[in-house]
Amino acid sequence: MKIAVVGSGYVGLVTGTCFAETGNDVTCVDINEEKVKQLRAGKIPIYEPDLDILFDRNTKQGRLKFTTSLEEGVEGAKIIFLALPTPPGEDGSADLKYILQVAEKLGGIIKHYTVIVNKSTVPVGTADKVQELLGVKAKVEFDVVSNPEFLREGVAVEDFMKPERVVVGTRSAKAKKVMEELYEPFVRQGNPIIFMDERSAEITKYAANAFLATKISFMNEIANLCEIVNADVDQVRKGMGTDTRIGKRFLFAGVGYGGSCFPKDVKALYHTSKEHNYEFKILRSVMQVNNVQREIFFDKILEKYKNNLSGKTVAVWGLAFKPNTDDIREAPAVYLLDRLTQSGAKVRAYDPEAMNNVKEIFGDKIYFANDQYDALQGADFLVIVTEWNIFRSPDFDKISAMLKNKEIFDGRNLYSIEHMKELGYYYYSIGRETIGN
Ligand code: NAD
C-alpha cells in the first residue's frame, strides 16, 4: 500500500518505518528541512532503540523515503497519516494549528479516495474539524479516521510492531476495511483492533494517559505520606501492586512525571472538560501533585544545605524524562537544573542520550560530563533524576572516593536502604527512610 506520513518526529518516524517494514511504500513528510536532509543522509535525529535497524533496511530497499513537499509526499497515497505536534497552548488546550493547516492544504491536493488518519493526540471533535476543513477544497471522496498512538518512547518500535491493541475511530465501512488490511500484520498474535467512533477514539487516548498520570501522582502522594509516618513506599508498592485489580506497573514514586505526553495530555483533557463546563477535579489534583513533587525534591536539597547552594558543585545523573530516550520535554531534570543553577550551584551533568538536547537550553551554564563518573569530579554531592540502567549498580567505592560529601539525593529510588546504610551515605530517596544526617 502507498502511505504518506506527515510529521517525522518520534511518532511519525516510527510509524513510517514500521509500516515500511511490513512491505508498504512509505513517504515521510516533514517541514523541517534540516531533519529531512539528515534522514535522507541515513541519520536518525532521535534516539529510539532498534529504530536504526529497521530504518536502514527499509531506506536501502527503497520502501522508506523522505521529503519536505506535502504534494510530493502524498502523491498516490491511499492513506495519509498525520503525526503532527499538538503542543499545549497558554491555557493548556491542545494547539491544533499544525493539524488544521495541513488538513486545509490536503483538501486541494488529494486526487482520489484517501483515508486521512490522525495519529496525533487531539481533543475530542478534531476529526470532525479536519473533515470539515478538507471538505472545503476536496473534489474527491475521503474519510477522516482517528487512530491514536500508544507507543512509548524508549520501546517505540516494539510497541508499534506488537501493539497490545490498536484503536481505530471510524464510522466508515470503507475506511475500516483499509485500516484492517494495514494493521493485519501487526496483530497476528491475536491482539485486538478495536473499532469505535471517532470521538470515542479521541477520548480513549486522553483517558489512558490521564489515568496513568493519576497512578503516578497517587503514588507520589502515598510516598509523601510514607515519609511523614516512617513507612516505606517501595514496600507499599509491592504490597498493593500484587493485587491484580491494581497491577504492578506505574506504581513507582519519584520526582514526578514528565515527557511530551502526560503533562500536555492531562492539561488538554482538563481544558476540554472546562470548555464543556465540567470541572474534572481529579485531574486538577494530579497536575498540582506533579508540580509540587519536583519542588519537594529540590527543597530537600536546599534544606540539607541550609538554603545556600552557592559555590556548591552538584553531580546530576540523568536528564531525559525517562530512560532509553533523548526526549527532555517537560523533564523533571530540566526544572531541577534551572533551580540548581539559579541557586548559584555549579552543575556537572551526565545522561547517556539527552545531553545534546539539554545543551540547547543551558549551553555552557552546565558542564556536560563524558561519563557518569566524570560528572562526580569535584562534586559535593550526587542527585539522580532518571533511572537509566547504568546508574543502578555503580561502583560505590569510586563514588565515595570522588564525592566531597557522601551524599546522594535519589529521585528514582535506585538503591536499597540497607546497602546505603552499610556504605555510610546520607541518602534521601522518595517515600522511604532518610539515612544519615
Ligand atoms: P515531534 O515534535 O517529535 O514531531 C512532530 C514533527 O512534525 C516534527 O518533526 C515537525 O518538524 C513536524 N511538523 C510540524 N509541522 C509540520 C507540517 N506542517 N508539515 C510537516 N511536518 C510538520 O512530535 P511527536 O512526539 O512525534 O508527537 C506527535 C503527536 O503524537 C502529538 O500529538 C503527540 O501527543 C502524539 N504522541 C506522541 C507520543 C510520544 O511518545 N512522543 C506517543 C503517542 C502519541
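The basis for the numbers below is simple: all heavy atoms, side chains too, and nothing from hydrogens, waters or symmetry mates. Order of appearance sets the numbers: ligands from 1, and atoms from 1 within every ligand.
Using a cut-off of 4.0 Å between Lys/Arg side-chain N and Asp/Glu carboxylate O, Asp197 and Arg199 are scored as not salt-bridged. In this structure, Lys137 does not pair ionically with Glu104, as no charged nitrogen and carboxylate oxygen lie closer than 4.0 Å.
Closest protein heavy atom to atom 32 (O) of ligand 1: Thr86 OG1, 2.6 Å. With hydrogens left out, the protein atom closest to atom 11 (O) of ligand 1 is Asp30 OD1, 2.6 Å, a heavy atom. At the top of the distance list for atom 33 (C) of ligand 1, counting protein heavy atoms only, stands Lys264 NZ, 3.7 Å. Regarding atom 28 (C) of ligand 1, its nearest protein heavy-atom neighbour is Leu84 O, 3.4 Å. In this structure, atom 27 (O) of ligand 1 lies nearest to the protein heavy atom Val11 CG2, 4.1 Å. The protein heavy-atom contact nearest to atom 15 (N) of ligand 1 is Tyr98 CD2, 3.5 Å. The single protein non-hydrogen atom nearest to atom 42 (C) of ligand 1 is Leu151 O, 3.6 Å, given as residue, atom name and distance. The closest protein non-hydrogen atom to atom 20 (C) of ligand 1 is Ile31 N, 3.4 Å.
Of all the atoms in ligand 1, the ones that sit under 4.0 Å from a non-hydrogen atom of Ser260 are 41 (N). Which parts of ligand 1 touch Val102 is read off a 4.0 Å heavy-atom cut-off, strictly below it: atoms 18 (N). Listed by number with element, the atoms of ligand 1 under 4.0 Å from a non-hydrogen atom of Ser120 are 29 (C), 30 (O), 32 (O). Atoms of ligand 1 found under 4.0 Å from any heavy atom of Asn32, numbered from 1 in the order shown, are 11 (O). Below 4.0 Å from some heavy atom of Cys261 lie the following atoms of ligand 1, by number and element: 37 (C), 38 (C), 39 (C), 40 (O), 42 (C).
In terms of N/O distances under 3.5 Å, ligand 1 is approached by Lys35. Not a single N or O atom of Glu149, backbone or side chain, sits closer than 3.5 Å to an N or O atom of ligand 1. For ligand 1, the polar-atom distance check finds an N/O of Thr121 within less than 3.5 Å of one of the ligand's N/O atoms. Note: no N/O pair closer than 3.5 Å links Val6 and ligand 1 by distance alone. Considering backbone and side-chain atoms together, Tyr10 places an N or O closer than 3.5 Å to an N or O of ligand 1. Considering backbone and side-chain atoms together, Glu153 places an N or O closer than 3.5 Å to an N or O of ligand 1. Ligand 1 has an N or O atom lying under 3.5 Å from an N or O atom of Arg329, backbone or side chain.
In this structure, Met219 and Phe252 have side chains that are not in contact, with every pair of non-hydrogen atoms separated by 4.5 Å or more.
Phe19 and Phe160 have perpendicular rings, their planes meeting at more than 60° on a 0 to 90° scale where under 30° would count as parallel. Using cut-offs of 30° and 60° on the angle between ring planes, the pair Phe391 and Tyr350 is perpendicular.
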Fill in: Worked verdict on Asp25 versus Lys65 for salt bridge (Lys or Arg N to Asp or Glu O under 4.0 Å)
CA-CA 8 Å; Asp25 179 2; Lys65 296 183 215 78; 3.2 Å; yes
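Residue contacts with ligand 1 do not include Arg152, since none of its heavy atoms lies under 4.0 Å from the ligand.
For the atom pair CD1 of Ile46 and CG of Asn357, the computed distance is 10.5 Å after rounding to the nearest 0.5 Å. Atoms CD1 and CD1, from Ile116 and Ile99 in turn, are 12.0 Å apart once rounded to the nearest 0.5 Å.
Within the 3.5 Å criterion, the main-chain N or O of Gly259 finds no donor-acceptor partner in the side chain of Glu330.
In this structure, a donor-acceptor pair under 3.5 Å is absent between the side chains of Asn324 and Glu353.
Pairs passing the side-chain hydrogen bond (donor to acceptor under 3.5 Å, both in side chains) check and including a residue from residues 42-58, sequence neighbours excluded, read Glu21-Arg57, Glu21-Asn58, Asn58-Arg63. Within the structure, the side-chain hydrogen bond (donor to acceptor under 3.5 Å, both in side chains) test picks out the following pairs touching residues 265-275 (sequence neighbours left out): Asp91-His271, Asn209-Asp265, Tyr270-Glu279, Lys274-Glu279.
When non-hydrogen atoms are compared, ligand 1 lies under 4.0 Å from the side chain of Lys205 (C-beta onward) but not from its backbone.
Cation-pi geometry between Arg348 and Tyr367 is met: under 6.0 angstrom from the ring centre, within 45 degrees of the axis.
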